[in-house]
Colleague: 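First the structure, then my questions, so here it is.
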Amino acid sequence: MGKDQKGRELGRGIIQLPNKSYQGRFTYQGKRYAVYHRTLTGVTEKLRNTRYEIEHGAPGMGSTPSLDFWFDLWLNKYKSLSVKQGTVDTYHNYYVNYLSPSLGQMKLANISPYNLQQLFYDLRQSGYSNNTVHLCYTLLNSLFKQACRLNLLQHNPVQKIELPRQHSAPRQQALSRTEQEIFLSYARKSPYFPVYSLALLTGMRVGELRALRWCDVDLPNASLMVTGTIKYTKQQGCFRDSPKTASSYRKIPLLPKAIELLEDLQNKQPHPESQANERPQLEDMDKLVFPSKSGKPLCHGVLNADINKIVAYINEKAGIPFPPMTPHSLRHTFSTRCMESGMAPKVLQSILGHQNFSTTMDLYSHVLPDQKKAEMKKLRFGYL
């Protein structure tokens, strides 16, 4: 048994995490379970209760467990069976950061619609994004639904609340053709220029580009397969996960410029055998198309920072007004170029890997001003 940073004995199955919180783990019938808490006393109690419930099939705190206890049980025993590990880690992080501080110690049966309405009001007033608020709502709703199915509760209090009015989130803007040319000209000296170029030529998500392997690229047949994405969580670190949805598994035809870019990149990279003993690879991530200097996947934050640096240079040094952008702007820009060229919506949906056709059609409702003017001119000629 180890000790925490204060020198206290941790107990069997308990470790202290880098953020100073605690994790308790145990295995029962070949399945691993984990609980988390900010304090050593809290994680010890949660570990004891969860172990009892798993081994005896009944809540260790009677018929009305606390929300903290029920969340750990729900996440480990029920939700983890139906979602990806990355989603499990996301739910855990959201719960610990946004829900547990105000509701965690309350008994499940004592949490009222008023308590939940106040929670979401506080989240909105604190300036959290629409995505954060909605994910917290989805998490709680699923958690309480499961409690109702198991007769721990008669009613789901989440169903009786109204989410506060949403803030208007700024829409991700695509670059115009001129802006695209300016960005590429100033990004050419960046070590990540090939990433930006392939994003503009394929519309791939940033995580998909970071997870792209040479075995996914078929240059003779001018195509590539999207087979994974890169995720990062505090619990697991960096890992390769399955794509966002089933429709995200897809084949993308390659334009001549993309083939030329990949061939040039392949010729410049060290031969695989020469890197074998120099660059430690993570599981299922060997021979990445865009590895970092250490051979691991590129960090999303590094790409963000590099794009911010390029945009700042364009604005400040070159004196050219240029809009803020993120790596995802490149995917949106690709979509816009496809729409401008008249690509059929169903074809674009397949290339982008959208699960719902409505998501693709929503892009068509936000075309650039120049495109709107061009289409209106066609209509004008029809009237005259």
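Nothing fancy with the numbering, it's 1 onward along the sequence.
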Colleague: Can you tell if the side chain of K31 reaches within under 4.5 Å of the side chain of S80, non-hydrogen atoms only?
Modeller: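 Heavy-atom side-chain distance check passes, below 4.5 Å.
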
Colleague: What's the verdict on side chain to side chain contact (heavy atoms under 4.5 Å, CB included) for W74 and L150, showing C-alpha distance, side-chain angles and the deciding distance?
Modeller: CA-CA 11 Å; W74 168 80; L150 299 179; over 6 Å; no

Colleague: So do the side chains of E179 and M325 get within less than 4.5 Å of each other, counting heavy atoms only?
Modeller: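 No. Closest side-chain heavy atoms not under 4.5 Å.
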
Colleague: Is it true that L75 and Y78 fall in one hydrophobic cluster, defined by side-chain heavy atoms closer than 4.5 Å?
Modeller: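 Yes; tracing contacts between hydrophobic side chains, which count when under 4.5 Å, links both residues.
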
Colleague: Are any of the side-chain heavy atoms of Y22 and L10 separated by less than 4.5 Å?
Modeller: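 Yes, close enough: below the 4.5 Å cut-off.
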
Colleague: Scan L224, V217, L201, L219 and name whichever one has a side-chain contact (heavy atoms from CB on, under 4.5 Å) with I259.
Modeller: L219

Colleague: Examine I252 and L209 and state if one hydrophobic cluster contains both, with Ile, Leu, Val, Met, Phe, Trp and Tyr joined whenever side-chain heavy atoms are less than 4.5 Å apart.
Modeller: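 I252 clusters together with L209.
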
Colleague: Hey, any chance Y121 and L99 share a hydrophobic cluster, counting ILVMFWY side chains that come within less than 4.5 Å of each other, even indirectly?
Modeller: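 Cluster IDs for Y121 and L99 differ.
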
Colleague: Report whether Y313 and V195 are members of the same hydrophobic cluster (ILVMFWY, side-chain heavy atoms less than 4.5 Å apart, transitive linking).
Modeller: yes

Colleague: Between R48 and E45, does any side-chain N to carboxylate O distance fall below 4.0 Å?
Modeller: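 Here R48 does not pair with E45 in a salt bridge, since their nearest N and O are not under 4.0 Å apart.
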
Colleague: Rounded at 0.5 Å granularity, tell me how far CZ in R210 sits from OG in S292.
Modeller: 10.0 Å

Colleague: Take N93 and T90 through the side chain to side chain donor-acceptor pair (under 3.5 Å) test and state the conclusion after the steps.
Modeller: CA-CA 5 Å; N93 292 335; T90 297; 5.7 Å; no

Colleague: Could I get the full list of side-chain contact (heavy atoms from CB on, under 4.5 Å) partners for R149, not counting sequence neighbours?
Modeller: K145, Q146

Colleague: Return yes if a side-chain donor-acceptor contact under 3.5 Å exists between D68 and Y95, otherwise no.
Modeller: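 Yes, side-chain donor-acceptor contact under 3.5 Å.
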
Colleague: For the rings on Y186 and F322, is their centre-to-centre separation under 6.0 Å?
Modeller: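 No, too far apart.
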
Colleague: Please determine, by modelled atom types, if D122 and Q118 share a side-chain donor-acceptor pair under 3.5 angstrom.
Modeller: yes

Colleague: Would you say the side-chain atoms of T227 and R240 include a donor-acceptor pair closer than 3.5 Å?
Modeller: yes

Colleague: Between Y128 and Y98, what is the ring plane arrangement, given parallel below 30°, perpendicular above 60°, and tilted in between?
Modeller: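 Rings of Y128 and Y98: perpendicular, as their planes differ by over 60°.
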
Colleague: Enter the distance from L67:CG to L143:CG here, rounded to the nearest 0.5 Å.
Modeller: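 Answer rounded to 0.5 Å: 5.5 Å.
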
Colleague: Can you list everything that forms a salt bridge (Lys or Arg N to Asp or Glu O under 4.0 Å) with D264? Sequence neighbours excluded, please.
Modeller: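 If we apply the salt bridge (Lys or Arg N to Asp or Glu O under 4.0 Å) test to D264, skipping adjacent residues, the hits are K268.
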
Colleague: Grouping I, L, V, M, F, W and Y whenever their side-chain heavy atoms are under 4.5 Å apart, do L212 and L255 come out in a common cluster?
Modeller: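 Shared cluster, no.
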
